[in-house]
Amino acid sequence: MTDKSTIVLFSGELDKAIAAFIIANGAAAYDHEVTIFFTFWGLNALRKDESIKTNKSVLEKAFGWMMPRGATKLGLSKMNFGGLGPQMIKHVMKKHNALSLTQLMELAQEQGVKLVACTMTMDLLGLKQEELINGLEYAGVAAYLGDATNGKVNLFI
């Protein structure tokens, strides 16, 4: 029987998303079936960088304007310094030949990590599938619980 690991990525902060993907990639490298369930602000990591035309209400448009668009725009949980903090950490990561969040996400997809966008949260925040990166699954909490029930490792980040 294959070991299973699940991660709920609730945070939309760069450092926490990096940690989630490092753990996911490590677990996948050890032949775990890995699911990352993205909900609330964690969905921002999955947004495409470019603006996508959609039919939205004024409130849904407001959420879209206020939330970071994609993995390259996330702030830090501490020491964000008005956007300077993420640039500093990206510089340090590059200097140490560490993979960027975007590269970690690509590696996760290559390793078969299941990336699941929470459909209820998407509805609440007015996010549409066409605004998110390719290769995702879309499901609610029941699907996550199905994966987590048999998981050896279940993390909430």
(message) Evaluate Val92 against Lys95 for side-chain contact (heavy atoms from CB on, under 4.5 Å), listing each step before the verdict.
(response) CA-CA 5 Å; Val92 169; Lys95 182 179 174 183; 5.5 Å; no

On a heavy-atom basis, the closest approach of Lys16 and Leu9 is O-CD1, 4.1 Å

(message) Are Leu43 and Met122 packed together at the side-chain level, in the sense that at least one heavy-atom pair is separated by less than 4.5 angstrom?
(response) yes

Q. Checking Gln111 side chain against Ala108 main chain: does a donor-acceptor pair fall under 3.5 Å?
A. no

**OP:** Give the C-alpha distance, both sets of side-chain angles, the deciding distance and a yes or no for side-chain contact (heavy atoms from CB on, under 4.5 Å) between Phe37 and Cys118.
**Re:** CA-CA 7 Å; Phe37 185 76; Cys118 177; 3.5 Å; yes

Between Ile7 and Ala20 the two heavy atoms that sit nearest each other are CD1-O, 3.4 Å

Looking only at heavy atoms, the pair that brings Leu14 and Ala71 closest together is CD1-O, 4.1 Å

So, are Lys152 and Asp3 salt-bridged, with charged N and O less than 4.0 Å apart? yes

Sorted by chain and residue number, the side-chain hydrogen bond (donor to acceptor under 3.5 Å, both in side chains) partners of Thr102 (sequence neighbours excluded) come out as none

**Study point:** Ile36 vs Val113 side-chain heavy atoms within contact, under 4.5 Å
**Key:** yes

The reported gap from CD in Gln129 to CG in Leu46 (rounded to nearest 0.5 angstrom) is 12.0 Å

Looking only at atom types and distance, does a side-chain atom of Glu131 sit under 3.5 Å from a main-chain N or O of Lys128, one as donor and one as acceptor? yes

To the nearest 0.5 Å, atom CD1 of Ile18 lies from atom CD of Gln103 at 10.5 Å

- Task: Tell me, with the steps shown, if Met105 and Ile133 meet side-chain contact (heavy atoms from CB on, under 4.5 Å).
- Result: CA-CA 10 Å; Met105 292 170 70; Ile133 63 172; 3.8 Å; yes

pair Phe21-Ile23: side-chain heavy atoms closer than 4.5 Å:
no

With heavy-atom distances below 4.5 Å as the criterion, would you say the side chains of Asn44 and Lys73 are in contact?
no

Any donor and acceptor pair, going by atom type alone, linking the side chain of Arg47 with main-chain N or O of Met67 inside 3.5 Å? yes

Between Asp31 and Thr2 the two heavy atoms that sit nearest each other are O-CG2, 3.3 Å

Looking only at heavy atoms, the pair that brings Ala45 and Leu74 closest together is CB-CD1, 4.0 Å

Next on the checklist: Is there a path of hydrophobic side-chain contacts, each under 4.5 Å between heavy atoms of I/L/V/M/F/W/Y residues, joining Leu76 to Phe81?
Outcome noted: no

- For Tyr144 and Thr6, does a side-chain donor sit closer than 3.5 Å to a side-chain acceptor? yes

NZ/NE/NH1/NH2 to OD/OE distance under 4.0 Å, Lys114 and Asp147: yes

Val8 and Ile157, any side-chain heavy atoms less than 4.5 Å apart
no

Kindly determine whether Ile22 and Asn25 satisfy side-chain contact (heavy atoms from CB on, under 4.5 Å), including the steps that lead there.
CA-CA 5 Å; Ile22 288 171; Asn25 281 311; over 6 Å; no

| query | Are side-chain heavy atoms of Ile89 and Asp15 found at a separation under 4.5 Å? | reply | no

Here the gap from Ser11 atom OG to Phe156 atom CZ, rounded to the nearest 0.5 Å, amounts to 9.5 Å

When every non-hydrogen atom of Gly75 is compared with those of Pro86, the smallest separation belongs to CA-CG, 3.9 Å

To the nearest 0.5 Å, atom CE of Met120 lies from atom CG of Leu125 at 9.5 Å

d(Met93 CE, Ser100 OG) to nearest 0.5 Å is 6.5 Å

